[in-house]
Amino acid sequence: EPSQKTVCVNINSGAMSYLRRWSKENFAYVIKYLIKKNDVCVALIGSKGDVTYTEDFSQQLPKTDRIVNFCGKLSISQLIGLYSKSKFLITNDSGPMHIAATVGLPTVSFFGPETPYLYRPQGDQHHIFYSDIFCSPCLNIYNSKLADCNENVCLKKISPESVLKVIEEKFL
């Protein structure tokens, strides 16, 4: 429906480091809130390697035609086409975030294990969530992006309520 706003959501982070994933529960909280708005549709995205993780995640979501799972189904050019019709992207630090920034799609992104000071999208249309706790960033070129952390407390400190506040103020 033309009056609807499409919001892309990437719950994945790529196989390099699953520590870069904000929790499924937090993503579900945000998506459930967004689809209560009559004019919002959510498009789940990701690569072929993310299909199982995303399908498992989608079981937490209500069954509605306003959530579409495109994970593993889009080429890069199709993803860019989807981005051109979308309002913004909610994402972990990932390749789809960088593609969105390159094509001008505003982003809401989560950093913790890696630093946004080096890897964030540039510009006012992007909002970065970063806890900047003592052990962050733990992934860097000096440790070959391998960390001993199994907790990603840096991302757990980012509440879905704080994310929704920014989305309401800046993006919707």
Side-chain angles (χ1 to χ4, degrees), residues 1-16 18 20-112 114 116 119-130 155 158-172:
E1 183 175 313
S3 64
Q4 291 185 320
K5 297 172 187 154
T6 299
V7 176
C8 293
V9 177
N10 177 40
I11 67 166
N12 307 291
S13 63
M16 186 190 318
Y18 296 124
R20 294 184 296 166
R21 289 178 173 162
W22 197 45
S23 78
K24 287 180 181 179
E25 294 74 24
N26 286 345
F27 272 112
Y29 185 96
V30 168
I31 290 170
K32 288 173 187 174
Y33 176 88
L34 291 174
I35 63 167
K36 285 181 184 171
K37 297 181 165 298
N38 291 334
D39 63 343
V40 174
C41 288
V42 170
L44 300 175
I45 62 166
S47 71
K48 285 182 173 53
D50 301 320
V51 169
T52 302
Y53 186 76
T54 304
E55 284 177 353
D56 179 56
F57 165 74
S58 67
Q59 301 306 308
Q60 297 181 39
L61 302 175
K63 301 294 178 225
T64 172
D65 60 355
R66 290 194 292 119
I67 301 173
V68 180
N69 186 354
F70 289 116
C71 185
K73 299 175 182 161
L74 302 177
S75 66
I76 296 288
S77 60
Q78 289 170 323
L79 178 65
I80 291 168
L82 175 62
Y83 281 176
S84 74
K85 303 289 185 195
S86 299
K87 183 93 170 133
F88 62 99
L89 168 67
I90 305 169
T91 184
N92 295 311
D93 171 22
S94 63
M97 175 194 72
H98 295 291
I99 294 169
T102 301
V103 300
L105 180 65
T107 62
V108 173
S109 55
F110 308 112
F111 282 83
E114 289 194 284
Y119 301 114
R120 68 171 287 159
Q122 299 299 307
D124 292 342
Q125 73 275 31
H126 304 289
H127 189 91
I128 306 304
F129 283 91
Y130 179 59
L155 290 173
I158 301 167
S159 74
E161 295 84 3
S162 65
V163 172
L164 286 169
K165 184 176 188 299
V166 167
I167 288 171
E168 285 286 351
E169 291 172 0
K170 286 183 76 171
F171 296 95
L172 291 179

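Just so it is clear, the values below take in all heavy atoms, side chains as well, and ignore hydrogens, waters and symmetry mates. Just so it is clear, the structure is predicted and the values come from calculations on it, not from any experiment.
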Student check: side-chain heavy atoms of [X] and [Y] closer than 4.5 Å:
X: V42; Y: I90; value: no
X: V7; Y: I167; value: no
X: P62; Y: I31; value: no

Looking at [X] and [Y], what are the two nearest heavy atoms and their distance?
X: G72; Y: V51; value: CA-CG2, 3.8 Å
X: E55; Y: S58; value: O-OG, 2.8 Å
X: I11; Y: N92; value: O-ND2, 2.8 Å
X: A28; Y: F57; value: N-CE1, 3.6 Å
X: P121; Y: I128; value: CD-CD1, 3.7 Å
X: P160; Y: Y29; value: CB-CD2, 3.4 Å

Return the [atom1] to [atom2] distance between [X] and [Y], rounded to the nearest 0.5 Å.
X: Y83; Y: L89; atom1: OH; atom2: CG; answer: 4.5 Å
X: S109; Y: R120; atom1: OG; atom2: CZ; answer: 7.5 Å
X: F27; Y: L61; atom1: CZ; atom2: CG; answer: 11.5 Å
X: K48; Y: C71; atom1: NZ; atom2: SG; answer: 9.5 Å
X: T107; Y: Q125; atom1: OG1; atom2: CD; answer: 7.5 Å
X: L34; Y: K87; atom1: CG; atom2: NZ; answer: 12.5 Å

- Would you verify whether the NZ or CZ of K24 falls within 45 degrees of the ring axis of Y53 while also being under 6.0 Å from that six-membered ring's centre? yes

Is it true that a side-chain atom of [X] and a backbone atom of [Y] form a donor plus acceptor pair closer than 3.5 Å?
X: R66; Y: V40; value: yes
X: S23; Y: N26; value: yes
X: K32; Y: Q60; value: yes

Take atom [atom1] in [X]; do more than 12 heavy atoms of anything else shown fall under 6.0 Å from it?
X: D124; atom1: CG; value: no
X: K165; atom1: NZ; value: no
X: K63; atom1: NZ; value: yes

- Item | Partner set under side chain to side chain contact (heavy atoms under 4.5 Å, CB included) for V68, not counting sequence neighbours | F70

Output a table of donor-acceptor pairs, distance under 3.5 Å, between side-chain atoms of residues 96-106 and any protein atom two or more places apart or on a different chain; print 'none' if there are none.
residue, atom, partner, partner atom, Å
T102, OG1, H98, O, 2.8

- Task: Using distance alone, with no hydrogens and no angle criterion, decide if T91 and N10 have a side-chain donor and acceptor under 3.5 Å apart.
- Result: yes

- Task: Compute whether any side-chain donor of one residue and acceptor of the other, for N12 and S94, lie under 3.5 angstrom apart.
- Result: no

- Look at the rings of F110 and W22 and say which category their plane angle falls in: under 30° parallel, 30 to 60° tilted, over 60° perpendicular. parallel

- Task: Just say parallel, tilted or perpendicular for the rings of F88 and F171, cut-offs at 30° and 60°.
- Result: tilted

- Query: Mind checking what makes salt bridge (charged side-chain N to carboxylate O under 4.0 Å, His left out) contact with K37, not counting sequence neighbours?
  - Reply: E168

